[in-house]
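Structure record follows, encoded as structure tokens.
Order of the sequence lines fixes the chain letters, A, B, ..., with proteins taken first and strands second; residue numbering starts at 1 for each chain.
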2 protein chains.
Amino acid sequence: MSQTVDRALSILPLLAEGPADLGQVADRLGVHKSTALRLLRTLHEHGLVYRQSDQRYRLGARLFALAQEAMENLDIREIAHPHLVRLNEQCGHTVHLAVYEENEVLYIDKVDSRYPVRMYSRIGKPVAITVAAVAKLLLADLPEAERRALAERLDYPLYTARSTPHAEAFLKELATVREQGWATDLGGHEESINCVAAPIRGADGRVVAAMSVSAPNVVVTAEELLTLLPLVRRTADAISGEYSGRTPVKDRTA
Amino acid sequence: MSQTVDRALSILPLLAEGPADLGQVADRLGVHKSTALRLLRTLHEHGLVYRQSDQRYRLGARLFALAQEAMENLDIREIAHPHLVRLNEQCGHTVHLAVYEENEVLYIDKVDSRYPVRMYSRIGKPVAITVAAVAKLLLADLPEAERRALAERLDYPLYTARSTPHAEAFLKELATVREQGWATDLGGHEESINCVAAPIRGADGRVVAAMSVSAPNVVVTAEELLTLLPLVRRTADAISGEYSGRTPVKDRTA
DNA sequence: TCAAGCGTTGCAAATAATGCAACGACCATT
DNA sequence: AATGGTCGTTGCATTATTTGCAACGCTTGA
């Protein structure tokens with residue numbers, strides 16, 4: 001909509017791939033070097049871009065700070081966190097919290113497993129949307145049309161033999177998930193890792209977030225993990241209650 | 001340098017304070033509503049801004065993803081992390097890693113204390129620059145002129161009675177730190193919390209990062225914490241060795 | 001029913017961004 | 001030492017891009 005801003009913002013994902021010098025940026029933007037320079041300077045003034053000692057540019061510090069502040073303003077996260085910690089204390093496994101936003105599902109909180117073997121994931125990282133248990137829950141709640149459109153648009157990478165292979169299978173899975181009110185991922189993303197997930201709902205009943213417990217095969221079998229389902233659902237419901245205002249907010253530790 | 005981009009980017013910190021509607025954004029930017037709308041739309045297309053259900057805008061998901069990617073490109077962090085974890089296993093306290101960038105010091109990694117009492121801090125959060133032990137180390141290494149200029153420019157908030165009160169005291173402290181090659185913060189930020197920190201140096205000997213161990217009085221006294229200094233320094237040196245390429249990179253776990 | 005507030009669009013005016021060409025600094029090669 | 005190349009930087013004229021305005025449609029509340 002605004003060409004100048006559009007160009008400037010296109011620099012960010014470009015630099016996310018790694019540091020680049022002026023010429024590279026100009027080339028990949030398809031503009032003159034002088035133009036790229038002025039854009040970079042503006043980004044620099046705002047701290048979004050940093051110029052390292054070898055003169056190349058990379059993403060800057062303010063970006064972290066902004067993401068941080070944005071994160072802290074998400075009240076679901078704030079409400080959910082103590083519950084996630086408690087759940088982690090009870091079962092010992094990795095606990096995740098995720099939301100859907102603009103065709104992506106991303107983790108917004110995580111409490112690490114107490115076992116030495118941990119799975120790789122990072123807060124802020126987009127989730128493998130076609131296989132993750134939390135993603136299924138969040139997408140299953142979208143309006144029919146939107147869900148359908150999104151499913152068609154997605155890629156279906158075969159992470160493992162059990163990954164969701166195509167849109168049709170995915171939509172079917174979503175229907176199941178929608179009906180039963182919980183979801184699993186049994187080795188669909190990484191062969192040896194299983195998850196159980198439950199939805200968190202707002203006052204109007206719509207799914208606003210989803211949480212999951214993940215554990216590798218070497219620690220517990222899929223069956224054992226499934227026995228945690230009632231606990232996960234209870235935790236999710238507790239968060240739902242607090243988020244929608246049904247449960248009185250007793251003592252929220254600031 | 002570029003007015004349009006400048007205005008667009010000014011929207012981000014504004015939204016970081018909390019969600020805002022079109023009118024508010026336009027007012028605070030000092031531009032017409034239609035202008036603000038077009039800027040917001042561009043930011044939206046890039047995922048930096050999200051429009052929530054009540055039509056108000058807030059910071060978007062891509063911001064997290066970008067910050068995430070930027071983070072992963074910082075190789076100091078990657079190299080240092082296993083060392084930080086090991087140190088935490090040895091002493092049990094909270095371990096921080098911080099860098100200096102553009103007049104700010106910020107945490108880029110953290111391993112939480114194993115004790116129930118934890119200090120509040122977040123990765124990506126700017127550090128209390130006038131008192132934190134890691135900040136002293138990073139600033140102490142700046143060129144004389146820059147250090148002086150920065151010290152004059154800073155605010156000196158009195159977090160506690162032991163906070164650095166003014167530029168003069170700060171510069172003196174930096175001189176000491178520079179000479180001894182390590183730093184402390186004894187209750188200068190929060191009355192009951194102490195830190196010991198050591199510098200991480202690149203191949204050219206310049207300080208590229210700093211790490212610290214922090215613990216509250218209720219767990220260990222300041223004296224006891226200081227006995228950890230040799231261990232902290234050894235850890236920092238190990239990281240320096242690996243970062244500067246002196247130590248062969250044996251088996252970096254991807 | 002009417003008024004007020006908000007987001008949205010088309011348009012003409014003018015400001016602000018663009019590409020060019022030229023300069024200086026730095027590095028490596030001859 | 002001298003030269004050729006690369007890279008970042010600046011001033012300027014051109015032109016495209018952004019801007020503010022006014023008007024419209026919508027929802028909300030009196």
- Task: Take the protein atom CZ of B/Arg56 and the nucleotide atom P of C/dG5, then report the distance between them rounded to whole Å.
- Result: 19 Å
- Quick one: CG on B/Leu171 to CG on B/Leu139, what's the gap to the nearest 0.5 Å? 9.5 Å
- Query: Can you tell me if B/Tyr50 and B/Arg58 form a side-chain donor-acceptor pair at under 3.5 Å?
  - Reply: no
- Message: From CZ of B/Arg7 over to P of C/dA17, roughly how many Å is that when rounded to an integer?
- Response: 9 Å
- Message: Using whole Å, what does the distance between atom C1' of nucleotide C/dG24 and atom CD of A/Gln55 come to?
- Response: 13 Å
- Donor-acceptor under 3.5 Å (A/Arg201 side chain, A/Val208 main chain): no
- A/Met1 atom CE is separated from D/dT17 atom P, nearest whole Å, by 13 Å
- Task: Compare the minimum distances between each of C/dT8, D/dG20, C/dT18 and the side chain of B/Leu22, then state the nucleotide with the smallest one.
- Result: C/dT8
- Evaluation steps, side chain to side chain contact (heavy atoms under 4.5 Å, CB included), between A/Thr4 and A/Leu39: CA-CA 8 Å; A/Thr4 318; A/Leu39 295 176; 4.0 Å; yes
- Message: What is the distance, to the nearest angstrom, from the CZ atom on B/Arg51 to the P atom on C/dG7?
- Response: 7 Å
- Message: Could you measure the distance from the CG atom of B/Leu9 to the CZ atom of A/Arg62? Nearest 0.5 Å is fine.
- Response: 11.5 Å
- May I ask you to evaluate whether B/Arg41 reaches the phosphate of C/dT9, defined as a side-chain N or O under 4.0 Å from OP1 or OP2? yes
- Begin with the C-alpha distance, continue with both residues' side-chain angles, and end with the deciding distance and a verdict on side chain to side chain contact (heavy atoms under 4.5 Å, CB included) for B/Val127 and B/Tyr100. CA-CA 10 Å; B/Val127 172; B/Tyr100 170 78; over 6 Å; no
- For A/Asp21 and D/dT6, what is the distance between atoms CG and P respectively, to the nearest whole Å? 13 Å
- Query: Counting just side-chain N and O atoms, does A/Thr4 come under 4.0 Å of either OP1 or OP2 of D/dT18?
  - Reply: yes
- Message: For the helix from C/dT1-D/dA30 to C/dT30-D/dA1, what angle separates the axis at the start from the axis at the finish, each from five pairs, in steps of 10°?
- Response: 30°
- Note on the structure: Result for 5'-nearest mapping on DNA chain D, choosing between A/Gln24 and B/Val31, is A/Gln24
- Task: Calculate, to the nearest 0.5 Å, the distance between atoms CG and CD1 belonging to A/Leu40 and A/Ile11 respectively.
- Result: 4.0 Å
- Query: Just checking, is any N or O donor in the side chain of B/Asp109 or B/His96 under 3.5 Å from an acceptor N or O on the other one?
  - Reply: no
- Can you measure from OG (A/Ser212) to CH2 (A/Trp182) and round to the nearest 0.5 angstrom? 14.0 Å
- Message: Give the residues of residues 32-40 of chain B touching DNA chain D, defined as any heavy atom closer than 4.0 Å, sorted by residue number.
- Response: B/His32, B/Ser34, B/Thr35, B/Arg38
